[in-house]
Each structure stands twice: as C-alpha cells, then as structure tokens.
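Working notes, structure below.
The analysis underlying the following values was restricted to heavy atoms, covering all of them including side chains, and did not include hydrogens, waters or symmetry mates. What you see is a predicted model, and the numbers here were worked out from it, not measured in a lab. Whatever order the structure lists ligands and atoms in, that order sets their numbers, starting from 1.
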Amino acid sequence: MLKNFWYACEFSAAVTTKPKQVRILNQKLVFYRNAKGQLIALQDRCPHRGAALSLGWVKDDCIHCPYHAWKFQADGKCINIPANQPGIPIPKNARVDSYPIQEKYGLSGYFMETYQKNSVRQSHLCQNLKTQVYRKFSLNTN
Ligand code: FES
C-alpha cells in the first residue's frame, strides 16, 4: 500500500448511517455517515477485544462496538465505556485510527497517511482520486 495517497474504495451511495466494512489493500475500515450526511472512516477493529466496529451501530454520530458497546466518536476517540463505574477515566489508548475521507465522482475515498495526521491535502484529492478511480475500474474490467 502506498502511504500518503487517496484511495477510492466505495461508491458513495453505498455508505449510509449503517456501518459498512470496506476492505482495501488488506486494510479493514468502517465507513458510515453522521446525521449531517458527512462520511466517517475509522479502523474496523475495536481496541478492547478486537471486534469489528462495522457490526455495531451508529447513534448520536458515534459508532458503538457490538461486543461491549464502547462508544467512539468520529475522530476515533472512545468517549463512553458502559461497564465503567462513574468517575473511572477512559484510557488514552482506547481509540481507533480515523482517516480523512472525501466524496468525488460518486465514490468515497479515504486518505491513508503515515504521518501528519489530520492534515488533509485537499488540493491533491481530485487528481489522486481520479487516478485511483481509473486504476480501480480498469483493473476490474480486465
Ligand atoms: S470488543 Fe469492543 S467494546 Fe469490547
């Protein structure tokens, strides 16, 4: 996998408020939309016991793990552990990776990067995504 590139990996219409697992280049991601229709892309592996978040549910713009219902917000941070007693802090490592994600040409693309997290390179999106779209569909049709 090439790091620091945009990857077109799903049709935009296929991503709804219901979590959807997207596999690309041996990576498992979960895509969903918040109440405003914005796309969210997270690592599809709960940091607690490894359950697939894509089997969970979305409520209040957060995704809930299907196993013990940990609640993750769009930036990947866990903000609720139902089994915790009141006042018990949430561990700092209770989070999943989040990825910048954009829609262009009816496709959803996410940005896999190695560093400079949260620095979305908007200017490169169209060109890189267009290139990836052509590659994906030319590969699929051959
Ligand atoms: S495996 Fe996700 S909350 Fe336990």
Side-chain angles (χ1 to χ4, degrees), residues 1-140:
M1 169 176 266
L2 296 174
K3 301 284 186 171
N4 300 321
F5 276 89
W6 285 93
Y7 287 90
C9 41
E10 184 55 85
F11 291 102
S12 289
V15 184
T16 65
T17 54
K18 183 180 176 192
K20 178 178 182 59
Q21 186 181 69
V22 175
R23 292 181 183 209
I24 181 168
L25 301 174
N26 210 26
Q27 302 284 315
K28 292 180 185 173
L29 308 173
V30 56
F31 285 9
Y32 67 94
R33 291 183 188 276
N34 63 20
K36 294 178 181 173
Q38 298 166 323
L39 287 171
I40 311 294
L42 300 174
Q43 175 187 16
D44 194 16
R45 188 176 189 281
C46 180
H48 183 216
R49 300 282 183 190
L53 295 177
S54 56
L55 298 175
W57 66 96
V58 174
K59 184 177 178 189
D60 300 328
D61 293 344
C62 293
I63 191 165
H64 295 69
C65 180
Y67 200 177
H68 306 101
W70 286 20
K71 180 179 179 182
F72 299 89
Q73 59 188 20
D75 67 358
K77 181 180 177 187
C78 178
I79 59 170
N80 186 37
I81 298 176
N84 274 4
Q85 296 294 322
I88 301 293
I90 295 172
K92 287 182 179 173
N93 60 354
R95 62 174 306 116
V96 294
D97 287 340
S98 65
Y99 303 99
I101 185 167
Q102 295 274 317
E103 293 179 90
K104 295 286 180 187
Y105 315 113
L107 297 163
S108 304
Y110 86 106
F111 190 76
M112 174 59 78
E113 59 187 345
T114 53
Y115 54 88
Q116 296 178 331
K117 280 217 172 262
N118 301 323
S119 60
V120 180
R121 293 156 186 84
Q122 298 279 351
S123 61
H124 299 297
L125 172 64
C126 291
Q127 186 59 44
N128 287 341
L129 188 53
K130 193 182 269 184
T131 303
Q132 294 300 322
V133 168
Y134 291 143
R135 284 185 191 149
K136 179 175 180 172
F137 287 102
S138 64
L139 286 173
N140 287 345

**Request:** Kindly say whether D61 contributes a backbone atom to a donor-acceptor pair with the side chain of Y32 at under 3.5 angstrom?
**Result:** yes
**Prompt:** So which protein N/O/S atoms does atom 4 (Fe) of ligand 1 have within less than 2.8 Å?
**Reply:** H48 ND1, H68 ND1
**Within 6.0 Å of CZ in R95, more than 12 heavy atoms from elsewhere** = yes
**Asked** Do P19 and H64 have side-chain heavy atoms sitting under 4.5 Å apart?
**Response** no
**Request:** Using the test ring pair (Phe, Tyr, Trp, His ring centres under 6.0 Å), find all partners of H48 that sit at least two apart in sequence or belong to another chain.
**Result:** H68, W70
**Request:** Could you pull out the closest heavy-atom pair between L55 and P66, with the gap in Å?
**Result:** O-CB, 3.5 Å
**Request:** Please confirm whether the backbone N or O of K36 pairs with a side-chain atom of N34, one donor and one acceptor, at under 3.5 Å?
**Result:** yes
